[in-house]
**Student:** 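Here it is, the structure, as structure tokens.
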Amino acid sequence: MYKFGVTILLLISISPPVKAQLFHKNAVVDSVRTKFYWVNANAAASYIGQHNWSEETNSAISLLAAVNFRHRLKRSSGNAHEHSFRSEISYLNYADSTWIKGSDYLRVNLNWMSIPGKKITQTYSVYFSTQWLNSWTMIPLADQTRKSWSGGFMNPANMELSYGTTIELLKNSRLILSPATVKIQSRPRYPLNPDPDKEKDKTLFITKHSYIRTEYGFSAQVNLFEQFCDDILLLENDSRFFFNALNKQGIHLDLSNRIAIRFLKFLQLRLDTKILYDPDYSMHFQYRQEVLLGVFYEHRK
């Protein structure tokens, strides 16, 4: 499992070479024409206390930390890249001192575009996702319950290597269509796997703690980052779609959309929507809707 993790980290750290003959004495350096980066980070903590008319008292503590990073660069030749990093961890604690993990993810998305001077360009993409912290599942026994490990860093993990085309949308948005996509996935092995025989049928090989699977299919992603009304209104969308069969088992969807209103420099009112459909875990749509008002650190250049 550790070798698999090291391989993924090495792959996402390697970028295609720039098409500039840097070692020729008469070479013309492919200079940077435009560059943009944006960082948004926030940490939040809240305490909830409730005492109702029937003398019942409840309390909870909520903790959340998140960071988003986006980097774009375009060279004089027309070659460009767009990279993004997203991560979030949240926990909720109830009165019985039990901490429940609400969200935990790390996502890295790397895209390189080439063929200068066109609205539709060829694109090489690497996408990687995993979680930071361990997950646990309670196993019921005869007279008690036992806590069992069910996931952690690099397991589960997902990596997609794809080749396709990019279509420019609006000012800072792109639609990437990749008919050639290889998906490599690590899924945990634990006592409560819903269907271990089904896992083995799809598995390339099995390690002590994981099933390693590969799939080939079509993928699409939306990278949208637009600002309106003198940068007061922000619209951001990072969504992915993958399928290798036109049925409910062969389609995967991960949609993340944000609408933010900035005011008083550091304050933001945000509406976040997340929708996930992953038939490997459940045939039902999962979604989360949040409305946030708070102080956010943001840096753009």
Side-chain angles (χ1 to χ4, degrees), residues 11-19 30-40 67-88 105-129 158-183 217-229 231 233-243 251-260 270-277 298-301:
L11 282 172
I12 66 175
S13 65
I14 299 174
S15 63
V18 177
K19 295 180 180 178
D30 192 3
S31 60
V32 175
R33 191 168 73 184
T34 60
K35 183 169 62 173
F36 166 83
Y37 68 87
W38 173 79
V39 181
N40 181 286
V67 60
N68 296 325
F69 172 77
R70 186 185 296 268
H71 183 269
R72 287 176 174 166
L73 183 145
K74 190 170 185 178
R75 298 184 177 275
S76 56
S77 66
N79 297 314
H81 73 236
E82 178 175 349
H83 303 330
S84 66
F85 172 95
R86 300 170 65 90
S87 183
E88 179 178 303
Y105 65 81
L106 162 67
R107 296 172 183 167
V108 179
N109 191 17
L110 310 176
N111 299 292
W112 295 271
M113 284 73 71
S114 60
I115 303 182
K118 294 185 178 181
K119 284 292 184 180
I120 301 179
T121 63
Q122 65 178 359
T123 303
Y124 304 88
S125 300
V126 177
Y127 173 76
F128 169 74
S129 65
N158 178 50
M159 184 172 67
E160 294 179 15
L161 308 175
S162 59
Y163 170 78
T165 60
T166 293
I167 302 174
E168 301 287 341
L169 304 173
L170 302 175
K171 184 180 179 181
N172 295 304
S173 304
R174 294 183 172 97
L175 171 64
I176 302 175
L177 304 175
S178 303
T181 302
V182 176
K183 184 176 182 180
F218 175 92
S219 68
Q221 56 177 298
V222 177
N223 296 330
L224 189 150
F225 187 85
E226 299 294 337
Q227 302 174 84
F228 307 96
C229 304
D231 295 347
L233 178 64
L234 170 67
L235 178 60
E236 184 182 6
N237 188 294
D238 282 292
S239 301
R240 303 189 64 82
F241 175 76
F242 175 88
F243 79 91
I251 296 175
H252 298 74
L253 173 66
D254 187 350
L255 182 149
S256 178
N257 189 76
R258 170 175 296 164
I259 300 174
R270 294 196 332 203
L271 175 64
D272 287 358
T273 303
K274 294 180 175 63
I275 299 175
L276 178 67
Y277 177 73
E298 186 174 283
H299 180 69
R300 288 175 288 161
K301 184 176 181 181

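These numbers come from a predicted model, not from an experiment.
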**Student:** Quick check for you: to the nearest 0.5 Å, what is the distance between Glu82 atom CD and Asn172 atom CG?
**Tutor:** 8.5 Å

**Student:** May I ask you to check whether Trp38 and Phe69 place their ring centers less than 6.0 Å from one another?
**Tutor:** no

**Student:** Could you go through the side-chain hydrogen bond (donor to acceptor under 3.5 Å, both in side chains) check for Asn68 and Asn40 one step at a time?
**Tutor:** CA-CA 5 Å; Asn68 296 325; Asn40 181 286; 4.7 Å; no

**Student:** How far does CG of Leu276 sit from OG of Ser256, to the nearest 0.5 angstrom?
**Tutor:** 11.0 Å

**Student:** Between Arg72 and Ser173, what is the shortest heavy-atom contact and its length?
**Tutor:** NH2-N, 4.2 Å

**Student:** Is any side-chain heavy atom of Ser125 closer than 4.5 Å to a side-chain heavy atom of Glu160?
**Tutor:** no

**Student:** Between Tyr37 and His71, how do the two ring planes meet: parallel, tilted or perpendicular, split at 30° and 60°?
**Tutor:** parallel

**Student:** Checking Leu233 against Gln227 for the side chain to side chain contact (heavy atoms under 4.5 Å, CB included) test, could you report, in this order, the C-alpha distance in whole Å, the side-chain angles of both residues, the deciding distance, and whether it holds?
**Tutor:** CA-CA 6 Å; Leu233 178 64; Gln227 302 174 84; over 6 Å; no

**Student:** Restricting to non-hydrogen atoms, name the atom on Ile259 and the atom on Asn257 that form the minimum distance, rounded to 0.1 Å.
**Tutor:** CG1-ND2, 4.0 Å

**Student:** Would you call Asp254 and Arg240 a salt bridge, using N to O less than 4.0 angstrom?
**Tutor:** no

**Student:** Looking at every non-hydrogen atom in both residues, tell me the closest pair between Leu224 and Leu235 and how far apart they are.
**Tutor:** CD2-O, 3.3 Å

**Student:** Does any non-hydrogen side-chain atom of Tyr277 lie less than 4.5 Å from one of Leu255?
**Tutor:** no

**Student:** For salt bridge (Lys or Arg N to Asp or Glu O under 4.0 Å), just list the numbers for Lys171 and Glu226, CA-CA rounded to whole Å, side-chain angles, deciding distance to a tenth of an Å, and then say yes or no.
**Tutor:** CA-CA 7 Å; Lys171 184 180 179 181; Glu226 299 294 337; over 6 Å; no

**Student:** May I have the step-by-step check of side chain to side chain contact (heavy atoms under 4.5 Å, CB included) for Leu253 and Phe243, ending in yes or no?
**Tutor:** CA-CA 9 Å; Leu253 173 66; Phe243 79 91; over 6 Å; no

**Student:** Please walk me through it: do Met113 and Arg174 pass side chain to side chain contact (heavy atoms under 4.5 Å, CB included)?
**Tutor:** CA-CA 11 Å; Met113 284 73 71; Arg174 294 183 172 97; 3.7 Å; yes

**Student:** Table please: side-chain donor-acceptor pairs of residues 176-183 below 3.5 Å, with sequence neighbours left out.
**Tutor:**
{"from": "Thr181", "atom 1": "OG1", "to": "Ser178", "atom 2": "O", "distance (Å)": "3.1"}
{"from": "Thr181", "atom 1": "OG1", "to": "Ser219", "atom 2": "OG", "distance (Å)": "2.7"}

**Student:** What's the spacing between Arg107 CZ and Asn109 CG if we round to 0.5 Å?
**Tutor:** 10.5 Å

**Student:** Output all residues satisfying salt bridge (charged side-chain N to carboxylate O under 4.0 Å, His left out) with Arg86, sequence neighbours left out; order by chain, then residue number.
**Tutor:** Glu236, Asp238

**Student:** Might you point out which heavy atoms bring His83 and Asn111 nearest each other, and give the distance in Å?
**Tutor:** ND1-N, 3.5 Å

**Student:** Any side-chain heavy atom of Leu110 sitting closer than 4.5 Å to one from Tyr124?
**Tutor:** no

**Student:** Without swapping roles, check the side chain of Ser239 against the backbone of Val222 for a donor-acceptor pair under 3.5 Å.
**Tutor:** no

**Student:** Tyr127 and Phe242: aromatic ring centres closer than 6.0 Å?
**Tutor:** no

**Student:** Any chance you could measure Leu175, atom CG, to Thr165, atom OG1, to the nearest 0.5 Å?
**Tutor:** 8.0 Å

**Student:** Is the shortest side-chain heavy-atom distance between Lys74 and Lys35 below 4.5 Å?
**Tutor:** no

**Student:** Hey, which of Thr121, Val126, Thr166 is the one that makes side chain to side chain contact (heavy atoms under 4.5 Å, CB included) with Trp112?
**Tutor:** Val126

**Student:** Can you tell me how far CZ of Phe241 sits from CD1 of Ile251, rounded to the nearest 0.5 angstrom?
**Tutor:** 5.0 Å

